[in-house]
**Q** 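Sharing a structure with you now.
Order of listing sets the numbers, starting from 1, for every ligand and every atom in it. The first residue of the sequence shown is numbered 1, and numbering continues consecutively from there.
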Amino acid sequence: MQTKDTLYIGGEWVAPSTSNAIEVISPTTEEVIARVPEAAEGDVDRAVEAAKAALAGPYPALSGAERAEYLRKLSLAIQARSQELADVITAEMGCPSSWSLMGQVFSSTMVLDGWADLAETFAFEELRPGALGPVLVRKEPVGVSAGIIPWNVPLFIVALKLGAALAAGSPMILKPSPETPLDGYLLGEILDEIELPKGMVSILPAGREVGEYIVRHPGVDKVGFTGSTAAGRKVGAICGEMLKRCTLELGGKSAAIILEDADLASAIPMLMPSALMNNGEACIAQSRILAPRSRYADVVEAVAEAVKGHTVGDPADPSVAVGPLVAERQRDRVLGYIEKGKAEGATLTVGGGRPAGLERGWFVEPTLFVDVDNHMTIAQEEIFGPVLSVIGYDRPEDAVRIANDSDYGLSGSVWTTDVEAGIDVARQVRTGTYGINAFGTLDMRNPFGGFKASGVGRELGPEGLSAYLETKSIVLPGDYTPPA
Ligand code: NAD
C-alpha cells in the first residue's frame with residue numbers, strides 16, 4: 001500500500017494543513033491501495049498565494065515560444081513515464097490496461113503537443129487598424145486559474161486544462177477527484193523534473209466541499225470545470241455570481257446514427273470503442289445507437305455480437321476490454337439504470353448484471369438493450385457505464401430529431417457510405433463534436449465542448465486557449481508606427 005504525507009503546493013512538497021486523508025480503494029479488489037492527504041481550505045489558501053506570486057513572476061511574461069518549450073518538456077517527461085502512469089490510472093479507476101496507455105496517457109501528450117504548437121503560433125499581440133488610429137490588441141493571462149478534474153480520464157483532463165493555462169501564462173490550481181489522486185503525485189514529480197517555475201501549479205486532491213471553496217475563492221479568477229452536469233450547474237452559478245471566467249465540460253448522451261447505406265461490417269467495429277471505451281465511463285460515449293428500421297435486425301445482430309466480444313475482468317490483464325466501474329456507488333447506479341430499462345419495457349439482449357465468477361470488484365457486464373424508445377430513462381440520462389441502447393428510426397430526419405431529443409449535446413456520429421449525406425446530418429445535430437464514419441471524439445487541435453446541458457465554452461484550439469486569456473485593447477496615437 002502506498003502512503004503519501006505531502007501535497008504539491010506552489011511547486012513544493014509540503015505538509016498538509018490538516019490530518020484529513022483520502023483512502024484510494026481498488027475498484028478491482030475493493031481493498032485500500034493508498035492513503036494520501038486530503039487538501040483542506042488552508043492548503044487552498046496557500047496554493048492561491050503561490051499562484052498569485054507566480055502570476056507576478058517570470059513565467060507569464062515568457063513568449064509563446066518559451067511557454068511552448070515547457071509544454072514540450074512536459075509532454076516528453078510524461079511519455080518517459082507513460083507505462084507507470086497508465087498502470088497507476090488503471091489501478092485507481094479500473095479502466096483496462098489495453099486502453100490506458102493510449103486513451104489515458106498518450107492522448108494527454110498529444111493534447112500537450114497541440115498546446116505547444118498553438119502557443120508558438122498564436123498572436124498574443126496584434127496591431128489592428130482602429131477607428132481613430134492603430135490599436136494594439138493584447139491577449140494576457142486570465143489570472144489564477146483552477147482546474148477541477150473528474151476521475152474518469154484524470155491525466156487527460158489535466159492536459160486539456162493545464163496545457164491551456166501554461167500556454168496562456170496562467171498559474172493553475174488542480175483539484176483531482178478523491179477517487180484518483182495518485183496520478184497527480186506522478187505529475188508533481190514530472191513538473192519538478194521539467195523545472196517549471198515554482199507557483200505555477202498546485203495539486204490538491206479533495207472532495208466537492210474543497211472544490212467549491214476553490215471555485216468561491218476570491219483569489220481564483222478562472223475556473224475550468226469538468227464533471228457532472230449537476231455539479232457544473234453549481235459551479236456555473238457561483239462563477240456567474242462572482243463574475244469569474246468559467247468553462248464547463250459536462251455530461252453527454254450522444255447518438256451514433258447508422259444510415260441505411262452504412263457498411264455494418266466496418267462501421268460497427270469502429271463504433272464500438274466509442275460506445276464502451278473506458279468501461280463506458282466516457283462523457284463522449286455513443287450510448288444511443290440509432291438504426292434504420294429497414295436494417296434494424298442486422299444492426300442489432302452486429303452490435304450484440306460486438307458487445308458479447310468484450311471480455312470483462314481484471315483491468316491489468318491486457319486481454320480484458322472492460323474493467324470494474326470506479327466505485328461501488330457507480331456500479332449500483334448503473335445496475336439501477338439496467339433495472340429501470342427493463343421496467344420501462346426495453347428488451348435486454350446482452351448482459352444486464354454482475355458477471356459470473358467476479359465476486360469482488362465493481363464489475364457490470366457489457367449490456368445491450370434493444371427496442372428502446374428515446375423517451376425511456378436509459379435513453380435520456382447519462383448512465384456512465386457499459387450500457388448501450390439501440391433505437392429504431394424511419395427516415396433520416398427522424399434520426400436527427402431523435403438525436404436532438406436530449407438535454408445533452410456533447411458528441412455524436414453518423415455512419416454512411418455517402419460522406420456528403422453524413423455532413424448534411426452532422427450540420428443538423430446540435431452537438432459540439434461530431435464524427436463521420438469516425439466516432440465523435442475530440443481532435444487534439446480543435447475546439448471541444450458541449451451544446452445545451454453538456455457545457456459552456458470550449459477547450460482546445462484557439463477557442464480553448466482564449467478561455468485562459470483576457471483581451472486588452474491599447475489605443476495608440478493616430479500617427480503611431482511600430483519600431484522597425
Ligand atoms: P462530479 O461532478 O461528481 O465531479 C467532478 C469533479 O468536480 C470532482 O473533482 C469533484 O470533486 C468536483 N466537484 C463536485 N461538485 C463540486 C462543486 N459543487 N464545486 C466544485 N467542485 C465540485 O463528476 P465525476 O463523477 O467525477 O465525473 C463524471 C462526470 O464528468 C460525467 O457526467 C461525465 O460526463 C463528466 N465528464 C465530462 C467531460 C467533458 O469533457 N465534457 C469529460 C469527462 C467527464
Side-chain angles (χ1 to χ4, degrees), residues 22 38-39 41 44 92-93 95 103-104 107-108 111 146-161 164 173-181 183-184 203-217 220 223-239 241-242 244 246-254 277-287 325-327 329-331 333-334 381-385 406-412 431-433 440-442 444 447-460 464 467:
I22 295 171
E38 179 179 23
E41 295 182 358
V44 175
E92 60 188 352
M93 58 70 65
C95 74
Q104 299 276 11
S107 58
S108 310
V111 165
I148 312 273
I149 311 297
W151 47 262
N152 67 326
V153 268
L155 184 66
F156 183 73
I157 304 286
V158 164
L160 292 176
K161 298 186 194 314
I173 297 164
L174 291 166
K175 192 204 77 61
S177 276
E179 291 82 359
T180 49
D183 58 286
I203 306 175
L204 302 178
R208 62 186 52 191
E209 288 80 16
V210 172
E212 205 163 309
Y213 183 77
I214 295 174
V215 173
R216 280 194 191 281
H217 202 294
V220 171
V223 177
F225 174 87
T226 298
S228 60
T229 292
R233 285 186 206 282
K234 283 195 184 156
V235 169
I238 298 167
C239 291
E241 188 192 318
M242 298 182 76
K244 288 189 186 204
C246 167
T247 308
L248 303 173
E249 293 288 348
L250 310 177
K253 190 74 195 177
S254 299
M277 72 174 158
N278 209 32
N279 307 336
E281 295 165 316
C283 55
I284 55 172
Q286 320 267 306
S287 53
L325 300 184
V326 70
R329 62 162 202 290
Q330 184 69 9
R331 193 264 318 269
R333 190 166 171 262
V334 172
E381 295 188 12
E382 185 183 47
I383 297 177
F384 228 55
S406 171
D407 289 343
Y408 296 108
L410 189 60
S411 180
T431 184
T433 316
T441 182
L442 44 82
M444 313 299 175
F448 169 70
F451 282 33
K452 303 189 273 182
S454 288
V456 175
R458 292 293 178 270
E459 291 187 315
L460 292 172

**Q** How many angstroms lie between OG in S108 and CD1 in I157, if you round to the nearest 0.5 Å?
**A** 9.0 Å

**Q** Testing the basics here: between Q104 and N152, what is the closest heavy-atom pair and its distance to 0.1 Å?
**A** NE2-O, 3.1 Å

**Q** In ligand 1, which numbered atoms sit nearer than 4.0 Å to a non-hydrogen atom of F448?
**A** 40 (O)

**Q** Tell me whether I149 has any N or O atom under 3.5 angstrom from an N or O of ligand 1.
**A** yes

**Q** Using 0.5 Å steps for rounding, measure from the CZ atom of F156 to the CG atom of L442.
**A** 4.0 Å

**Q** Which atoms of ligand 1 are found less than 4.0 Å from any heavy atom of L410?
**A** 41 (N)

**Q** Short list, please: which atoms of ligand 1 are under 4.0 Å from a heavy atom of V235?
**A** 19 (N), 20 (C)

**Q** I need the nearest protein heavy-atom contact for atom 27 (O) of ligand 1: residue, atom name and distance, please.
**A** P150 CB, 3.4 Å

**Q** From the options L250, T247, V215, select the one residue that forms a side chain to side chain contact (heavy atoms under 4.5 Å, CB included) with F225.
**A** L250

**Q** Going by an N to O cut-off under 4.0 Å, is there a salt bridge joining E381 and R333?
**A** no

**Q** For atom 14 (C) of ligand 1, which of the options R329, R208, E212 provides the nearest non-hydrogen atom?
**A** R208

**Q** Under 3.5 Å, is there a donor-acceptor pair between the side chain of E382 and the main chain of G252?
**A** yes

**Q** Between G211, S454, A237, which one has a non-hydrogen atom sitting closest to atom 21 (N) of ligand 1?
**A** G211

**Q** From K244 NZ over to H217 NE2, what is the distance, rounded to the nearest 0.5 angstrom?
**A** 8.0 Å

**Q** Which atoms form the tightest heavy-atom contact between V220 and I214, and what is the distance?
**A** CG2-O, 3.6 Å

**Q** Quick one: which ligand 1 atoms are inside 4.0 Å of a heavy atom on I157?
**A** 42 (C), 43 (C)

**Q** Looking only at protein heavy atoms, which one is nearest to atom 37 (C) of ligand 1, and how far off is it?
**A** L250 O, 3.1 Å

**Q** Which protein non-hydrogen atom lies closest to atom 4 (O) of ligand 1, naming both residue and atom, and how far is it?
**A** G227 CA, 4.5 Å

**Q** Distance to 0.1 Å, residue and atom name: give those for the protein heavy atom nearest to atom 28 (C) of ligand 1.
**A** F384 CE2, 3.5 Å

**Q** At a 4.0 Å threshold, what atoms of ligand 1 neighbour a non-hydrogen atom of I148?
**A** 6 (C), 7 (O), 9 (O), 12 (C), 21 (N)

**Q** Among all protein heavy atoms, pick out the one at the shortest distance from atom 36 (N) of ligand 1; state its residue, atom name and that distance to 0.1 Å.
**A** C283 CB, 3.6 Å

**Q** For ligand 1, is S177 a contact, meaning one of its heavy atoms is under 4.0 Å away?
**A** yes

**Q** Contact between G207 and ligand 1, counting heavy atoms under 4.0 Å?
**A** yes

**Q** Pick, from K253, K175, E209, the option with the minimum heavy-atom distance to atom 11 (O) of ligand 1.
**A** K175

**Q** Within a radius of less than 6.0 Å around NZ of K452, do more than 12 heavy atoms belonging to other residues, nucleotides or ligands occur?
**A** yes

**Q** For A231, take its heavy atoms, then give the atoms of ligand 1 lying under 4.0 Å from any of them.
**A** 2 (O), 14 (C), 15 (N)

**Q** Among protein heavy atoms, which sits nearest to atom 5 (C) of ligand 1, and what does the distance come to when rounded to 0.1 Å?
**A** T226 O, 3.6 Å

**Q** Provide, to 0.1 Å, the distance between atom 23 (O) of ligand 1 and the closest protein heavy atom, together with that atom's residue and name.
**A** S228 N, 3.4 Å

**Q** Among all the protein's non-hydrogen atoms, which is closest to atom 34 (O) of ligand 1, and how far away is it?
**A** E382 OE2, 2.6 Å

**Q** Show which atoms of ligand 1 fall inside a sub-4.0 Å distance from at least one heavy-atom site of N152.
**A** 43 (C), 44 (C)

**Q** Looking only at non-hydrogen atoms, find the nearest pair between S454 and L410 and report the distance.
**A** OG-N, 3.4 Å

**Q** Which atoms form the tightest heavy-atom contact between K234 and E212, and what is the distance?
**A** CD-OE1, 4.3 Å

**Q** Would you check, one step at a time, whether the test side chain to side chain contact (heavy atoms under 4.5 Å, CB included) holds for I148 with V235?
**A** CA-CA 10 Å; I148 312 273; V235 169; 6.0 Å; no

**Q** Using the rule given for side chain to side chain contact (heavy atoms under 4.5 Å, CB included), can you reason through V44 versus K175, listing the C-alpha separation, both sets of side-chain angles and the distance that settles it, and then say yes or no?
**A** CA-CA 10 Å; V44 175; K175 192 204 77 61; over 6 Å; no

